[in-house]
Amino acid sequence: MYKKRIACTPNNNPNTEAYTQEVLPAARKIRQLAEELGKNQPSTEQMKEAISLLVKIFEVKQVDMEERRERLEEILNIHQLQNTFPEIMSSLKEPILI
């Protein structure tokens, strides 16, 4: 379900080398983690790693902050991780600086 979402976020970074060297390996690592887990529940550390990789992808692709928040909030809500990662939830509520 989320495999396609990484690819669907806009790449606003004109630096194609950054995309190749940072986004693609991070996306591969997320897929690798998912494949290794299969149907098993991920540990908190594995979830944290996947979210960190996703945040890195958003940063390199220079995804708009509002979309970053929406995507992260959606993932945390769907998987009921708000209490597991309260620091992420609280960071999502910070105002966007323009």
Side-chain angles (χ1 to χ4, degrees):
M1 179 178 188
Y2 289 102
K3 288 180 182 181
K4 294 179 183 177
R5 296 236 175 164
I6 292 171
C8 291
T9 57
N11 182 16
N12 298 315
N13 188 344
N15 183 345
T16 56
E17 189 173 323
Y19 184 89
T20 302
Q21 293 182 355
E22 297 183 55
V23 172
L24 295 179
R28 282 187 205 110
K29 180 64 179 172
I30 291 171
R31 287 186 190 102
Q32 178 186 356
L33 285 168
E35 288 172 11
E36 288 173 4
L37 285 169
K39 294 186 179 192
N40 298 320
Q41 283 285 49
S43 68
T44 301
E45 284 304 311
Q46 289 169 319
M47 288 186 283
K48 191 173 186 176
E49 180 180 7
I51 290 170
S52 294
L53 288 165
L54 183 58
V55 168
K56 179 180 180 177
I57 289 169
F58 289 157
E59 288 171 358
V60 175
K61 290 177 82 174
Q62 299 176 0
V63 174
D64 177 78
M65 284 302 277
E66 189 62 32
E67 184 169 355
R68 293 182 199 191
R69 284 193 188 120
E70 289 172 6
R71 299 288 178 230
L72 290 170
E73 193 169 42
E74 179 182 15
I75 290 167
L76 295 176
N77 288 335
I78 288 172
H79 298 286
Q80 300 176 348
L81 298 172
Q82 303 92 327
N83 295 329
T84 305
F85 299 108
E87 69 281 0
I88 294 173
M89 289 302 290
S90 63
S91 73
L92 296 175
K93 296 185 183 350
E94 293 176 9
I96 298 175
L97 299 176
I98 299 175

- [ ] Can you measure from CD (Glu73) to CD1 (Ile78) and round to the nearest 0.5 angstrom?
- [x] 11.0 Å

- [ ] Calculate, to the nearest 0.5 Å, the distance between atoms NE2 and CD belonging to His79 and Gln41 respectively.
- [x] 10.0 Å

Open item on the list: Around atom CD of Gln32, are there more than 12 heavy atoms from other residues, nucleotides or ligands closer than 6.0 Å?
Closed with: yes

Task: Glu67 side chain to Asp64 backbone, donor-acceptor under 3.5 Å - done: no

Task: Results of side chain to side chain donor-acceptor pair (under 3.5 Å) for Glu45 - residues two or more places apart only - done: none

Task: Rounded distance [0.5 Å steps], OG1 in Thr9 versus CZ in Arg71 - done: 7.5 Å

Open item on the list: To the closest 0.5 Å, what do you measure between CG (Leu72) and CG (Leu81)?
Closed with: 11.0 Å

Task: Gap between atom OG of Ser43 and atom CG of Leu37 - 0.5 Å precision - done: 7.5 Å

Side-chain polar contacts of residues 47-57 - donor-acceptor pairs under 3.5 angstrom, sequence neighbours left out - could you list them?
unit_1: Ser52; atom_1: OG; unit_2: Lys48; atom_2: O; d: 2.9

Task: Test side-chain contact (heavy atoms from CB on, under 4.5 Å) applied to Val63 and Met65, Glu66, Lys61, Glu59, the passing residue - done: Lys61

Task: For Asn13, all residues meeting side chain to side chain contact (heavy atoms under 4.5 Å, CB included), sequence neighbours excluded - done: Asn11, Asn15, Ala18, Val60, Gln62

